[in-house]
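Along the sequence shown, residues carry numbers from 1. Computed over heavy atoms, backbone and side chain alike; hydrogens, waters and symmetry mates excluded.
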Amino acid sequence: MQDNNQEHFKRELGLLDGTMLVVGSMIGSGIFIVSSDMVRQVGSAGWLIAIWILTALLTIVAAVSYGELSAMFPKAGGQYVYIKEAYGKLIGFLYGWSFFAVIQTGTIAAVGVAFSKFAAYIFPSFSDENILYEMGDFKLNAAQIVSIITIILLTYINSRGVKNSKILQTVLTVIKISSLLGLIIFGFILAAKAEVWDANWTDAWGSKSLDTTSGSWLPISGMALLSAFVAAFVGSQFSSVAWEGVTFIAEEIKNPKRNVGLSLFLGTLIVGVIYTMANVMYIAVLPLQDIATAKSDRVAVVASQVIFGDIGTLIIALMIMISTFACNNGLIMAGARVYYTMAKDGLFFKEAAHLNEARVPEWALWAQCIWASALCLTGKYGALLDFVVIIVLIFYILTIYGIYILRKKMPDAERPYKAFGYPFLPMLFIVISSIISVTLLVTKTSTCGWGVFIMLIGIPIYYLQNRKSSFVV
């Protein structure tokens, strides 16, 4: 017979732990890579920095808006709970379905492969070119195995209790922040060149796109500029997601009505500043042409080689290994709490609704691990992430619009914290994100259309499982 006390989470996480979870989950490998494609899209220093600043401001607005919801519903499951309370069980299930099927598990798989890709700089045998088994079109490579091993290891650590995983998260995130700041500072001190800086800021707002076939820059304006801006924004935006993970573990945070919202604000502010500074450093160290044409888009590797010489590649490889390992720890820790809460509501497998002796949702953790590992093996995780770009934005929009719904639906509910700048700033986020979503759907129908399709598959699944009661606890 299981002790009923084990069916409650332990409140073992403080403000520092929450903030480090936000920072650690946000900073993966994106900041080291995406700026290359962003420069190819918009072709100017001014637009590059403007997009990163806009992304930072929008992320902070979204995060502090979530603060109102986190204070109203300081429960495990976070964003899932907010959506369910505002829109009902069906929309809540669609979020949870998308979250488990692709968003969280696909991200875990991709971050795991990013870890193994950069580990191959140090251990060449870990490369995805090292094919271990081949049968027909299926190829099993070493990078996939390394990715799966790291996911299993982090899942095991998290299954032993939140204390070990929080220590690992905090230590690795502090190392990650220090390393990034060190790269930025050394970049300015050792490698910044006035002539590079001046050349990059000449015609700072002259937007142009790089023709990768000819290597020449083509001026853009009007709809072409809007499309390029949105394409570039996707890179910065999705280097800045996963901050909501701290809301999933609200029941394990001390004084959640205060600390969840504050963790969201502090974490997104820290990351926004670091990301913007890193891109200013890139512009101070590298000509725009070098940023745009960095091999495999690894702009940080190119910058590090200029700053530190040949050892720069090794430095960046170690930084990204630490960064992605910490990122996946945060994603794995937070994600399982959503499935736990869904199972409590009868919307997920009933086994996920229980905690083990360490008071963590062990079954949900291992279910997440198995599916994320399967996505590693398919080799399709990159495409899956493209598919859900629009889904992530849709659920951000729905969650923040939920503030308006809940103000009318629950006018007398306790709100220890209210969304900053309400109703204007949350609506600004909704409007800008909606414009970007529509533009993505129009310009990238082949990928974003599939993302919406995957989400909508959840509708018949919801009604089917209701009829069969197969998930009911």
Side-chain angles (χ1 to χ4, degrees), residues 13 15-35 38 48-67 70 78-79 104 107 110-111 114 166 169-185 187 232-249 259-282 299-300 303 316 319-320 322-331 333-334 389 392-393 396 400 420 425 429 432-433:
L13 305 175
L15 177 60
L16 174 64
D17 302 312
T19 303
M20 290 300 100
L21 178 64
V22 173
V23 175
S25 298
M26 288 178 72
I27 303 176
S29 59
I31 187 58
F32 304 99
I33 297 170
V34 298
S35 296
M38 292 172 71
L48 177 68
I49 300 303
I51 292 169
W52 280 104
I53 291 174
L54 175 63
T55 303
L57 292 175
L58 286 176
T59 303
I60 293 168
V61 166
V64 296
S65 297
Y66 273 49
S70 69
Q79 188 174 1
Q104 196 76 351
T107 304
V111 171
K166 82 163 185 177
Q169 186 70 23
T170 299
V171 170
L172 290 179
T173 302
V174 169
I175 294 171
K176 181 192 301 193
I177 293 171
S178 303
S179 301
L180 261 171
L181 288 176
L183 179 67
I184 292 165
I185 292 167
F233 183 82
V234 167
S236 59
Q237 172 69 24
F238 289 92
S239 297
S240 307
V241 296
W243 46 264
E244 70 274 15
V246 72
T247 69
F248 303 154
I249 60 167
N259 286 340
V260 173
L262 201 50
S263 295
L264 286 166
F265 169 69
L266 292 174
T268 53
L269 177 63
I270 290 168
V271 173
V273 170
I274 289 175
Y275 279 3
T276 304
M277 287 172 59
N279 280 274
V280 172
M281 184 273 289
Y282 292 154
V299 61
I316 288 295
M319 283 178 62
I320 295 181
I322 293 169
S323 182
T324 50
F325 200 76
C327 180
N328 252 356
N329 184 62
L331 292 170
M333 181 198 303
V389 162
V392 174
L393 275 178
Y396 277 167
I400 292 176
F420 179 74
L425 287 182
F429 176 90
I432 293 175
S433 297

For residues [X] and [Y], report the shortest heavy-atom separation together with the two atoms involved.
{"X": "Leu181", "Y": "Ile274", "result": "CD2-CG1, 4.3 Å"}
{"X": "Ser29", "Y": "Ile320", "result": "CB-CG2, 4.2 Å"}
{"X": "Ala232", "Y": "Ile51", "result": "CB-CD1, 3.7 Å"}
{"X": "Thr173", "Y": "Gly24", "result": "OG1-CA, 3.5 Å"}
{"X": "Gly272", "Y": "Ala56", "result": "CA-CB, 3.8 Å"}
{"X": "Ile249", "Y": "Ala334", "result": "CG2-CA, 4.0 Å"}

Rounded distance (nearest 0.5 Å) linking atom [atom1] of [X] with atom [atom2] of [Y]:
{"X": "Ile432", "Y": "Leu58", "atom1": "CD1", "atom2": "CG", "value": "4.5 Å"}
{"X": "Leu57", "Y": "Leu269", "atom1": "CG", "atom2": "CG", "value": "10.0 Å"}
{"X": "Phe265", "Y": "Thr59", "atom1": "CZ", "atom2": "OG1", "value": "13.0 Å"}
{"X": "Asn328", "Y": "Gln169", "atom1": "CG", "atom2": "CD", "value": "10.0 Å"}
{"X": "Leu393", "Y": "Phe233", "atom1": "CG", "atom2": "CZ", "value": "7.0 Å"}
{"X": "Leu180", "Y": "Ile175", "atom1": "CG", "atom2": "CD1", "value": "12.5 Å"}

pair [X]-[Y]: side-chain heavy atoms closer than 4.5 Å:
{"X": "Val34", "Y": "Trp52", "answer": "yes"}
{"X": "Thr268", "Y": "Val64", "answer": "no"}
{"X": "Val61", "Y": "Ile400", "answer": "no"}
{"X": "Met38", "Y": "Asn279", "answer": "no"}
{"X": "Phe429", "Y": "Ile60", "answer": "no"}
{"X": "Gln237", "Y": "Val392", "answer": "no"}

Donor-acceptor pair, side chain of [X] and main chain of [Y], under 3.5 angstrom:
{"X": "Ser323", "Y": "Gly28", "result": "yes"}
{"X": "Lys176", "Y": "Ile27", "result": "yes"}
{"X": "Lys166", "Y": "Leu13", "result": "no"}
{"X": "Tyr275", "Y": "Ser239", "result": "yes"}

Under 3.5 Å, which donor-acceptor pairs do the side chains of residues 15-22 form with other protein atoms, sequence neighbours left out?
| residue | atom | partner | partner atom | Å |
| --- | --- | --- | --- | --- |
| Asp17 | OD1 | Thr170 | OG1 | 3.4 |
| Asp17 | OD2 | Gly14 | N | 2.9 |
| Thr19 | OG1 | Leu15 | O | 2.9 |

Go through the structure and list residues passing side chain to side chain donor-acceptor pair (under 3.5 Å) with Thr55, not counting sequence neighbours.
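Here the qualifying residues are Ser236.
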Mind checking what makes ring-ring contact (aromatic ring centres under 6.0 Å, His included) contact with Phe248, not counting sequence neighbours?
Phe99
Taking the six-membered ring for Trp, are Trp243 and Tyr396 parallel (under 30°), tilted (30 to 60°) or perpendicular (over 60°)?
parallel
Please evaluate residues Thr247 and Leu264 with respect to the criterion side-chain contact (heavy atoms from CB on, under 4.5 Å), reporting the C-alpha separation (whole Å), side-chain torsions for both, the decisive distance (0.1 Å), and the verdict.
CA-CA 9 Å; Thr247 69; Leu264 286 166; 4.0 Å; yes
